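Provided herewith is a single structure, encoded as C-alpha cells, for subsequent inquiry.
One-based numbering, in listed order, for ligands and for the atoms of each. As the structure is a computational prediction, the values presented were derived from the model and not from experiment.
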Amino acid sequence: MPDPLRILVLHGPNLNLLGAREPAIYGTTTLPEIDEKLLAAAKQAGAEVAAFQSNHEGALVDRIQEAPARFDGILINPGAFTHTSVALRDALAATGLPVVEVHLSNVHAREEFRRHSFVSPIAAGVVCGFGWRSYVLGLEGLLGRLRDGV
Ligand code: DQA
C-alpha cells in the first residue's frame, strides 16, 4: 500500500462564520460540516486532510510555509485574501506543491472586484460556485492530479 496522500485544507477570513454568514450566497453549511465532508471524501479516496482556518494573513502564510514538510498538496479558499494578498500567493508558490483554489460562490457572477484572484495564476485548478461541494470537487481534482501527474 502506498502512503496516503496528505492534503492541507486552508480557510481564509470570515469562513468561520459560514452557516450564519450571508446564507443566500454561501449556504447554511457550517465550516466544521465542510471539514467533516472533506474528511469523509478523503478517507474514501485513501487520503488524509488537515484543516485550518484563520482570519489573519500571517497565520495562513505561516501554515503554508510549513506545508512542504508534511503535505503533498494544498486546497485553499483564501476568502477575501483571494483578491488582495500577494503574500499568500508568494507563500503558496514557494511551497512548490500543487494548489487548488476553491470558492463557495461563483466569484465571476458577483462584484467586479471578486473577479480578480492573486492565487489563480499559480493554482493547478480553480473550482467555484458549487457551495460546499466546491471543496469536495477541488479535493477530488487535487488528488487526481497528484496521482496522475496532470
Ligand atoms: C469566497 C468569495 C470571496 O470573494 C469572499 O471574500 C469570501 C468567500 C467564496 O468562498 O465564495 O470570503 O472566497
- Message: Please list, in number order, the atoms of ligand 1 under 4.0 Å from a heavy atom of His83.
- Response: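 Answer, ordered by atom number: 3 (C), 4 (O).
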- Query: Can you find a non-hydrogen atom of Arg21 under 4.0 Å from ligand 1?
  - Reply: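 Per 4.0 Å heavy-atom rule, Arg21 contacts ligand 1.
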- Query: Does Asp72 use its side chain to pair, donor to acceptor, with the backbone of Arg6 at less than 3.5 Å?
  - Reply: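 Pair found, side chain donor or acceptor close to backbone of Arg6.
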- Task: Give a yes/no verdict on a cation-pi contact between Arg89 and Phe118, requiring under 6.0 Å between NZ or CZ and the six-membered ring centre and an angle within 45° of the axis.
- Result: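 Pair Arg89/Phe118 does not count as cation-pi.
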- At a 4.0 Å cut-off, with the gap strictly under it, does some heavy atom of Asn77 reach an atom of ligand 1?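 In this structure, Asn77 qualifies as a contact of ligand 1 - some heavy atom is under 4.0 Å.
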- Task: Using modelled atom types only, decide if a donor and an acceptor are shared between the side chain of Gln65 and the backbone of Asp62 within a distance under 3.5 Å.
- Result: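 Checking the backbone N and O of Asp62 against the side chain of Gln65, no donor-acceptor pair under 3.5 Å is found.
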- Task: Using distance alone, decide if ligand 1 has a nitrogen or oxygen within less than 3.5 Å of any nitrogen or oxygen in Ala80.
- Result: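 Among all N and O atoms of Ala80, at least one is under 3.5 Å from an N or O of ligand 1.
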- Task: Output the list of atoms in ligand 1 that are nearer than 4.0 Å to some heavy atom of Val107, sorted by atom number.
- Result: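 Those qualifying, in numeric order: 2 (C).
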- Message: Can a side-chain donor-acceptor contact be found between Thr82 and Glu101 if the only test is distance below 3.5 angstrom?
- Response: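 Thr82 and Glu101 do not have a side-chain donor-acceptor pair below 3.5 Å.
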- Query: Which residue holds the protein heavy atom closest to atom 9 (C) of ligand 1, what is that atom called, and what is the gap in Å?
  - Reply: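 Nearest neighbour among protein heavy atoms for atom 9 (C) of ligand 1, to 0.1 Å: Leu104 N, 3.4 Å.
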- Item | Protein contact of atom 5 (C) of ligand 1 - nearest heavy atom, named by residue and atom, plus distance |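 Of every protein heavy atom, Arg114 NH1, 3.3 Å lies nearest to atom 5 (C) of ligand 1.
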- Query: Closest non-hydrogen protein atom to atom 1 (C) of ligand 1, residue and atom name please, with distance?
  - Reply: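 So the nearest neighbour among protein heavy atoms is His103 ND1, 3.6 Å.
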- Anything under 30° is parallel, anything over 60° is perpendicular, the rest tilted; go ahead and classify His103 against His83.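 Judged by the thresholds at 30° and 60°, the geometry between His103 and His83 is parallel.
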- Exercise: do Asn55 and Gln53 side chains pair donor with acceptor under 3.5 Å: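 Gln53 and Asn55 do have a side-chain donor-acceptor pair below 3.5 Å.
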- Query: Are His11 and Tyr135 close enough that their ring centres sit under 6.0 Å apart?
  - Reply: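 Under 6.0 Å, so yes.
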- Under 3.5 Å: N/O of Arg110 near N/O of ligand 1: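 Such a contact does not occur with ligand 1.
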- Item | Shortest protein contact, atom 11 (O) of ligand 1 (heavy atom only) |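 The closest heavy atom on the protein side is Ser105 OG, 2.6 Å.
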